[in-house]
Visitor: 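Structure incoming, see below.
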Amino acid sequence: MKYFVTTAIDYTNAAPHIGHAYEKILADVIIRYRRTQGPAFLLIGVDQHGQKVQQAAQKENIAPADFAERVTAQFLSLWERLNIQRDGWAATTDPRHKRAVQKVLQALQDKGELYKAKYSGYYSVRQEQFLTDKERNAEGEFGPEWGEVVLLEEENWYFRLAKHKDWLQNFVRTHPDFVTPAFRQVELLNAIERLSGDLCVSRPRERLSWGIEFPFDHEYVTYVWFDALLNYVTFAGYEADPGSNLPDFADLWPCRAHVIGKDIMVPAHGIYWPIMLHAMGFPDDQMPRLTVHGWWNVEGAKMSKSLGNVVDPAQLADQYGADALRYYLMRDIATGHDADFSIERLLIRYHSDLANGLGNLVNRTINMVQRYHSGLVKKSNTNDPELEAIKAAAGLVLNRYHEAFVQFQPHAALEAVSDLVTQANGLVELKAPWKLAKEPAQSDLLQDVLYTLAETSRLVAALMEPVIPNSAAKILEQLNAADYRELVWGKLPAEHRLGEPTPVFPRFDDR
RNA sequence: GCCAGGGUAGCUCAGUGGUAGAGCAGGGGACUCAUAAGCCCUUGGUCGGGAGUUCAACUCUCCCCCCUGGCACCA
């Protein structure tokens with residue numbers, strides 16, 4: 001069994017921004033942590049079908065597939081740049097996905113979960129969508145922004161959502177861990193309460209050609225969430241053909257965390273998705289879990305193209321490095337809540353936590369070992385109470401760290417690690433190795449102090465690895481400890497030679 | 001409007017019936033292994049407003065104000 005995590009598949013109608021990056025980094029950090037505990041699998045992807053992609057492609061007079069492919073490449077190159085280590089790639093135009101979606105549609109049809117019905121309503125020709133009363137203005141009319149509005153009757157396929165309402169309500173009530181953080185559960189229950197009516201899951205081909213065809217009715221394609229949500233199972237190997245080169249579904253499912261933004265919890269992931277799975281025959285103990293994150297605002301305002309405050313993650317990674325960006329995005333927000341993005345905060349975090357705290361600890365430790373002990377650390381069991389105290393502190397930090405990850409709160413894990421760094425830097429002042437080095441009688445204590453500092457550095461680097469993989473690797477390399485990554489105290493051999501120190505976190509100012 | 005989250009030191013946030021906390025920023029000091037980093041000490045808040053319950057409220061109840069989000073296919 002692998003610990004299975006997914007992210008929302010990103011819609012390929014526009015370039016990625018800092019919010020996309022945050023979500024993928026969050027998922028990547030969680031999965032990297034999980035890999036320290038056992039097998040794990042991260043699925044990331046893109047949603048390439050749909051009306052907006054078709055329209056955007058038409059504007060440039062190119063095929064939807066080519067347009068989607070171009071934007072997809074932008075996402076892929078960003079994930080590369082940000083060091084997102086994915087195990088699977090869910091691109092919804094993948095023929096394997098298509099086949100599996102069609103199998104699901106057929107199965108639902110066979111079970112009587114789908115039906116065809118006529119809908120008549122006001123339709124905006126310009127926007128290519130049906131309008132509801134919500135679109136009416138104060139005068140009760142559809143405004144000029146909708147262009148020509150006609151009364152149109154259209155036949156479509158519907159999914160029987162409403163009949164599973166009671167089941168879902170009961171499931172969410174009896175599974176309070178279905179949604180993290182917990183306060184979202186109330187919001188979800190309210191939304192379920194309001195649920196009425198079924199879900200339209202098709203569009204006639206003449207109106208939307210860019211989608212997956214219904215296997216039993218070729219005049220229609222799947223629309224909106226149906227195709228997209230299914231990526232979580234199709235790319236995990238559900239209904240996969242032999243030789244498809246997809247994972248073993250039983251090895252991954254149920255998903256431990258669908259990492260998504262708060263905007264798509266209701267109704268898609270909190271209502272449509274569990275009901276779809278239920279209708280497909282998934283038992284309650286095979287239901288996935290949701291991890292719902294908040295948004296990054298910019299100077300208090302929501303990010304938007306019209307405000308011109310969209311933050312480009314690729315540019316930030318180029319300027320400050322992927323690790324600096326990853327660290328900031330993980331440290332300065334509590335999962336589920338919103339936060340304000342600013343370069344100033346990024347630099348504060350980088351300088352005070354990474355350069356001054358962690359980087360300096362490692363650098364001074366290796367320097368002292370080189371200077372006072374020819375680069376060799378040797379454990380000598382003096383049982384000095386202050387050294388024992390740091391060891392005990394490390395134990396407490398480890399507990400906090402694991403607990404934080406169980407709750408999908410990397411910021412709390414990082415806070416715990418920072419506390420250990422602070423204590424280790426305090427220990428340096430307390431023991432003053434530069435003084436011990438002048439007193440031959442203290443050589444055992446000096447050895448133990450240096451071992452303790454080196455071991456703390458090793459442990460801290462290992463703990464930081466899920467968030468700042470590149471920097472952690474550099475630190476471990478300087479400690480000559482690339483093979484000692486266990487998240488347990490005392491894994492540095494009792495006699496061990498360190499490498500040469502080089503600052504891992506160069507400063508961005510010139511003070 | 002309904003629902004939810006939030007309003008605590010200059011900034012970012014934690015806290016929860018019993019004399020207000022952390023980190024960063026600001027001020028002072030001792031040291032020197034280190035990326036002029038680190039360490040120690042320290043200035044700083046009528047805990048959004050009002051009323052109530054209580055021996056005691058930032059913490060519970062009620063009313064109000066402000067911000068954000070969801071309810072409407074943007075991570």
Side-chain angles (χ1 to χ4, degrees), chain A residues 7-11 13-14 16-27 47 50-52 129 132-135 181 183-191 193-194 199 223-225 228 259-268 270 272 292-297 300-305 313 331-334 336-340 342 344-345 347-349 351-372 411-412 415 418-419 421-422 424-437 449-450 453 501-507 509 511:
Chain A
T7 64
I9 51 175
D10 299 306
Y11 203 51
N13 69 332
H17 56 63
I18 198 77
H20 295 96
Y22 166 59
E23 179 178 287
K24 270 60 189 177
I25 291 170
L26 175 60
D47 182 6
Q51 183 170 280
K52 284 179 184 170
Q129 63 172 275
T132 68
D133 289 343
K134 286 168 198 153
E135 269 84 46
F183 70 80
R184 293 278 174 207
Q185 200 203 2
V186 183
E187 196 172 313
L188 177 56
L189 282 168
N190 288 339
E193 192 63 47
R194 285 190 301 267
L199 178 66
Y223 187 59
V224 194
W225 290 102
V259 177
I260 57 168
K262 60 186 184 181
D263 53 305
I264 53 173
M265 179 187 79
V266 173
Y272 302 163
V292 183
H293 67 249
W295 299 80
W296 284 94
N297 299 314
K302 201 164 149 180
M303 237 188 317
S304 76
K305 279 182 189 163
R331 182 64 187 84
D332 234 25
I333 193 169
H337 292 86
D338 291 353
D340 211 60
S342 83
E344 196 182 332
R345 292 281 308 165
L347 289 174
I348 284 173
R349 283 300 186 189
H351 285 131
S352 63
D353 297 359
L354 296 181
N356 300 351
L358 171 59
N360 194 229
L361 172 67
V362 171
N363 196 240
R364 70 201 301 207
T365 294
I366 299 176
N367 256 294
M368 288 188 287
V369 172
Q370 292 297 351
R371 188 183 280 237
Y372 304 132
H411 83 283
E415 193 178 17
S418 276
D419 285 353
V421 169
T422 299
N425 271 320
L427 186 72
V428 175
E429 310 294 332
L430 198 62
K431 292 303 189 188
W434 49 93
K435 286 181 186 162
L436 297 178
V449 169
L450 294 177
L453 291 173
T502 310
V504 174
F505 304 103
R507 304 183 66 85
D509 51 22
R511 280 189 290 164

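FYI, side chains are in, hydrogens and waters are out, and symmetry mates aren't considered; it's all heavy atoms of this structure. The chains referred to below are lettered A, B, ... by the order of the sequence lines, with proteins before strands, and numbering in each begins at 1.
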Visitor: Which nucleotide wins on minimum distance to the side chain of A:Phe505, given the candidates B:rC71, B:rU35, B:rC73?
Guide: B:rU35
Visitor: For the side chain of A:Glu23 and the backbone of A:Ala8, is there at least one donor-acceptor N/O pair under 3.5 Å apart?
Guide: yes
Visitor: When you measure from the side chain of A:Trp434, which nucleotide among B:rC24, B:rU32, B:rC39 comes out closest?
Guide: B:rU32
Visitor: Can you measure A:Leu358 atom CG to B:rG38 atom P for me and round it to whole angstrom units?
Guide: 13 Å
Visitor: Would you confirm whether A:Asn367, through its side chain, and A:Asn363, through its main-chain N or O, come within 3.5 Å as a donor-acceptor pair?
Guide: yes
Visitor: Which value, in whole Å, describes the distance between the C1' atoms of nucleotides B:rA57 and B:rC47?
Guide: 11 Å
Visitor: Select one nucleotide: of B:rA37, B:rC39, B:rC33, the one nearest the side-chain heavy atoms of A:Arg507.
Guide: B:rA37
Visitor: Which listed nucleotide (B:rA75, B:rA4, B:rG69) is nearest to the side chain of A:Val186?
Guide: B:rA4
Visitor: What is the distance, rounded to the nearest whole Å, between atom CD1 of A:Ile9 and atom P of B:rC74?
Guide: 13 Å
Visitor: Could you work out which one of B:rG70, B:rG69, B:rG38 sits closest to the side chain of A:Lys262?
Guide: B:rG69
Visitor: Is there side-chain contact between A:Tyr22 and A:Leu26, with heavy atoms separated by less than 4.5 Å?
Guide: yes
Visitor: RNA chain B in dot-bracket, Watson-Crick or G-U pairs under 3.5 Å, [ ] crossing, | other strand?
Guide: (((((((..((((....[..)))).((((.........)))).....(((((..]....))))))))))))....
Visitor: Looking only at side-chain N and O atoms, does A:Asn356 come under 4.0 Å of OP1 or OP2 in B:rG38?
Guide: yes
Visitor: OP1 or OP2 of B:rA34 less than 4.0 angstrom from a side-chain nitrogen or oxygen of A:Arg371, does that happen here?
Guide: yes
Visitor: Hey, mind stepping through A:Leu358 and A:Asp353 against side chain to side chain contact (heavy atoms under 4.5 Å, CB included) and telling me if it holds?
Guide: CA-CA 6 Å; A:Leu358 171 59; A:Asp353 297 359; over 6 Å; no
Visitor: If I pick the P atom on B:rU61 and the same atom on B:rC66, what distance separates them, to the nearest angstrom?
Guide: 22 Å
Visitor: Rounded to whole angstrom units, what separation is found between the CE atom of A:Met265 and the P atom of B:rA75?
Guide: 16 Å
Visitor: Tell me: CD1 of A:Ile348 to P of B:rC24, nearest whole Å?
Guide: 11 Å
Visitor: Select base, sugar-phosphate, or nothing to describe what A:Leu430 touches, counting heavy atoms under 4.0 Å on all strands.
Guide: nothing
Visitor: CZ of A:Arg184 versus C1' of B:rG69: gap in Å, rounded?
Guide: 7 Å
Visitor: Identify whether any heavy atom of A:Asp10 sits under 4.0 Å from a base atom; if not, whether one sits that close to sugar-phosphate; answer base, sugar-phosphate or nothing.
Guide: sugar-phosphate
Visitor: Of all the choices, B:rC3, B:rC24, B:rA75, which nucleotide is nearest to the side chain of A:Trp295 once you look at every atom?
Guide: B:rA75
Visitor: With a non-hydrogen cut-off below 4.0 angstrom, is A:Val504 in contact with a base, only sugar-phosphate, or nothing?
Guide: base
Visitor: What nucleotide among B:rC39, B:rC33, B:rA75 has an atom nearest to a side-chain atom of A:Met368?
Guide: B:rC33
Visitor: Can you figure out which of B:rU35, B:rA34, B:rC39 approaches the side chain of A:Ala355 most closely?
Guide: B:rU35
Visitor: Where each residue is assigned the nucleotide of RNA chain B containing its nearest heavy atom, which of A:His293 and A:Ser352 is assigned the position nearer the 5′ end?
Guide: A:Ser352
Visitor: Tell me what A:Thr365 touches on the nucleic acid: a base, only sugar-phosphate, or nothing, going by heavy atoms under 4.0 Å.
Guide: nothing
Visitor: Using only heavy-atom distances, decide whether a donor-acceptor pair under 3.5 angstrom links the side-chain of A:Glu429 to the base of B:rG38.
Guide: yes
Visitor: Please report the distance separating the P of B:rA9 from the corresponding atom of B:rA20, rounded so that it comes out in whole Å.
Guide: 15 Å
Visitor: Does A:Leu347 offer a backbone N or O that forms a donor-acceptor pair with the side chain of A:His351 under 3.5 Å?
Guide: yes
Visitor: I'd like to check the side chain to side chain donor-acceptor pair (under 3.5 Å) partners of A:Asp338; sequence neighbours left out, ordered by chain and number.
Guide: A:Lys262
Visitor: Salt bridge (Lys or Arg N to Asp or Glu O under 4.0 Å) for A:Asp340 and A:Arg345? Distances and angles first, verdict last.
Guide: CA-CA 9 Å; A:Asp340 211 60; A:Arg345 292 281 308 165; over 6 Å; no
Visitor: Let me see the working for A:Arg194 and A:Glu187 under salt bridge (Lys or Arg N to Asp or Glu O under 4.0 Å), right down to the final yes or no.
Guide: CA-CA 11 Å; A:Arg194 285 190 301 267; A:Glu187 196 172 313; over 6 Å; no
Visitor: Write down the distance between CG (A:Leu188) and C1' (B:rG5), rounded to a whole number of angstrom.
Guide: 16 Å
Visitor: Could you check if a side-chain atom of A:Phe505 sits within less than 4.5 angstrom of a side-chain atom of A:Asn356, using non-hydrogen atoms only?
Guide: no
Visitor: For the pair made of CG in A:Leu427 and P in B:rC33, what is the distance, rounded to whole Å?
Guide: 17 Å
Visitor: Does a side-chain heavy-atom distance below 4.5 Å link A:Val266 with A:Leu188?
Guide: yes
Visitor: Expressed as a whole number of angstroms, how long is the span from A:His20:NE2 to B:rA75:P?
Guide: 4 Å
Visitor: Taking the P atom in each of B:rA4 and B:rU42, what is the distance between them to the nearest angstrom?
Guide: 43 Å
Visitor: Sticking with atom P, work out how far B:rA22 lies from B:rG44, rounded to a whole angstrom.
Guide: 14 Å
Visitor: When you compare the protein's N or O atoms with those of nucleotides 9-14 of chain B, which come within less than 3.5 Å of each other, and at what distance?
Guide:
| from | atom 1 | to | atom 2 | distance (Å) |
| --- | --- | --- | --- | --- |
| B:rU12 | O4' | A:Arg345 | NH1 | 3.3 |
| B:rU12 | O2' | A:Arg345 | NH2 | 3.3 |

Visitor: For A:Glu415 and for A:Thr422, locate the closest nucleotide of RNA chain B by heavy-atom distance; then report the residue assigned to the nucleotide nearer the 5' terminus.
Guide: A:Glu415
Visitor: Would you say A:Val449 and A:Met368 make side-chain contact, with heavy atoms under 4.5 Å?
Guide: no
Visitor: Considering only the P atoms, how many Å lie between B:rC65 and B:rU53, rounded to the nearest integer?
Guide: 24 Å
Visitor: Please determine which of A:Thr7, A:Ile333, A:Val259 meets the side chain to side chain contact (heavy atoms under 4.5 Å, CB included) test together with A:His293.
Guide: A:Val259
Visitor: Taking any heavy-atom pair under 4.0 Å as a contact, classify A:Arg194: base, sugar-phosphate, or nothing.
Guide: sugar-phosphate
Visitor: Please measure how far the P atom in B:rC74 lies from the corresponding atom in B:rG38, and state the result in whole Å.
Guide: 44 Å
Visitor: Any idea which of B:rC24, B:rG70, B:rA34 is nearest the A:Arg364 side chain?
Guide: B:rA34
Visitor: Rounded to whole angstrom, note down the P distance from B:rA75 over to B:rG23.
Guide: 38 Å
Visitor: Using a heavy-atom cut-off of 4.0 Å across all strands, would you classify A:Tyr372 as base, sugar-phosphate, or nothing?
Guide: sugar-phosphate
